[in-house]
Amino acid sequence: MANVTVYPDWVQAQRRKGTTVKKKGDAYYLYKRTSKRVPGKKYPQPVDTYLGIITPEGVVETQKKRVSLSDVQVMEYGFSQTILQLCPQSWKDPLGDDWEDILLIIISKLSPETYLSKIRDIKSENDFPHYQFAAQIAGLFRRMQNERGVKRDDLEQLKTIYMVRFKEGCVISQVSEKQQSFLDEMAIRLGEYE
């Protein structure tokens with residue numbers, strides 16, 4: 001004779017087709033019950049997906065959202081975004097209409113994992129043969145230091161601030177106190193993706 005678990009009426013009332021109840025300690029939990037074929041097994045194997053805890057008032061469903069990790073992209077964000085926001089007008093003006101392309105090339109050179117490469121078409125150095133990029137990089141950081149008091153080393157610490165992109169949207173990784181202090185001092189707002 002098989003063991004049959006008898007649940008209280010308030011637990012039984014929450015059961016519906018395609019679900020199962022599990023008891024752990026004094027609590028009851030509701031799971032969606034499906035099955036899948038497993039190679040080498042004679043019968044389909046059960047697969048339970050947690051739905052929530054059962055209380056006398058009803059099912060308290062989980063607030064956790066499942067995210068598919070198969071399409072996740074992790075890209076450098078803090079360094080790139082800060083350079084975009086701090087780039088001095090005095091560096092842009094001599095470059096005329098080319099300044100944005102040159103800046104994007106510089107950022108992608110200094111931070112190959114930049115998020116900008118995923119949202120913008122970044123040209124190549126070969127598209128601008130008349131520019132000496134080593135000199136442009138040196139000039140950019142010299143002007144940033146002279147006009148804003150920002151050293152290149154100050155910016156390097158921001159390379160550990162990442163953008164994590166899912167199908168459902170983007171999040172920014174954790175920012176340390178030291179990084180946040182620097183960002184606040186420079187009046188940099190993270191969260192602007194372009």
Side-chain angles (χ1 to χ4, degrees), residues 1-85 104 107-122 124 155-184 188-194:
M1 187 179 226
N3 264 349
V4 176
T5 306
V6 178
Y7 296 113
D9 291 339
W10 58 271
V11 173
Q12 290 288 27
Q14 301 305 318
R15 293 184 77 180
R16 47 193 185 261
K17 186 175 180 175
T19 64
T20 186
V21 173
K22 294 183 182 180
K23 181 179 180 186
K24 293 180 186 170
D26 292 334
Y28 297 92
Y29 300 92
L30 187 64
Y31 290 83
K32 178 181 174 185
R33 168 72 48 107
T34 57
S35 63
K36 72 175 184 178
R37 285 272 180 200
V38 176
K41 298 283 185 174
K42 190 173 182 178
Y43 299 103
Q45 300 301 302
V47 176
D48 294 336
T49 305
Y50 177 71
L51 296 175
I53 188 168
I54 302 172
T55 67
E57 292 78 32
V59 176
V60 178
E61 293 186 14
T62 181
Q63 298 299 315
K64 292 182 182 176
K65 184 178 178 183
R66 292 197 178 262
V67 176
S68 169
L69 296 180
S70 61
D71 295 322
V72 172
Q73 292 178 316
V74 178
M75 302 160 284
E76 181 279 315
Y77 176 73
F79 176 84
S80 301
Q81 186 57 223
T82 301
I83 289 180
L84 280 176
Q85 291 185 40
L104 293 177
I107 291 171
S108 65
K109 250 176 108 66
L110 298 175
S111 182
E113 300 300 318
T114 179
Y115 80 102
L116 294 168
S117 64
K118 303 295 184 200
I119 64 171
R120 297 218 183 149
D121 183 29
I122 298 178
S124 163
L155 298 170
E156 289 292 325
Q157 69 172 325
L158 303 177
K159 285 185 177 179
T160 59
I161 301 174
Y162 300 101
M163 172 188 285
V164 182
R165 181 185 279 176
F166 306 90
K167 277 185 178 178
E168 297 82 15
C170 297
V171 295
I172 305 303
S173 69
Q174 190 170 9
V175 178
S176 73
E177 280 185 38
K178 183 179 176 186
Q179 291 167 328
Q180 189 61 56
S181 176
F182 174 76
L183 293 169
D184 291 344
I188 299 298
R189 290 185 26 229
L190 296 183
E192 299 169 4
Y193 303 129
E194 291 194 298

> Residues in ring-ring contact (aromatic ring centres under 6.0 Å, His included) with Tyr162, at least two apart?
Replying inline: none
[Y] and [X], any side-chain heavy atoms less than 4.5 Å apart:
X	Y	result
Tyr77	Leu158	no
Ile161	Leu183	yes
Arg33	Thr19	no

Run the side chain to side chain donor-acceptor pair (under 3.5 Å) test against [X] and tell me which residues pass, sequence neighbours left out.
X	result
Ser111	Glu76
Glu156	Lys159
Ser176	Gln179
Gln180	Asp184

Side chains of residues 21-32: which donor-acceptor partners sit under 3.5 Å, not counting sequence neighbours?
residue	atom	partner	partner atom	Å
Lys22	NZ	Asp48	OD2	2.9
Lys24	NZ	Tyr31	OH	3.3

> How would you list, by chain and number, every residue that makes a side-chain contact (heavy atoms from CB on, under 4.5 Å) with Gln45, sequence neighbours excluded?
Replying inline: Val38, Lys41
> Can you name the side-chain contact (heavy atoms from CB on, under 4.5 Å) partners of Pro44, sequence neighbours left out?
Replying inline: Ser35, Arg37
> So which heavy atom on Ile107 is nearest to which on Ser80, and how close?
Replying inline: CG2-OG, 3.3 Å
>> Please find the pair of heavy atoms, one from Tyr115 and one from Leu84, that lie closest to each other, and give the distance.
In response: OH-CD1, 3.8 Å
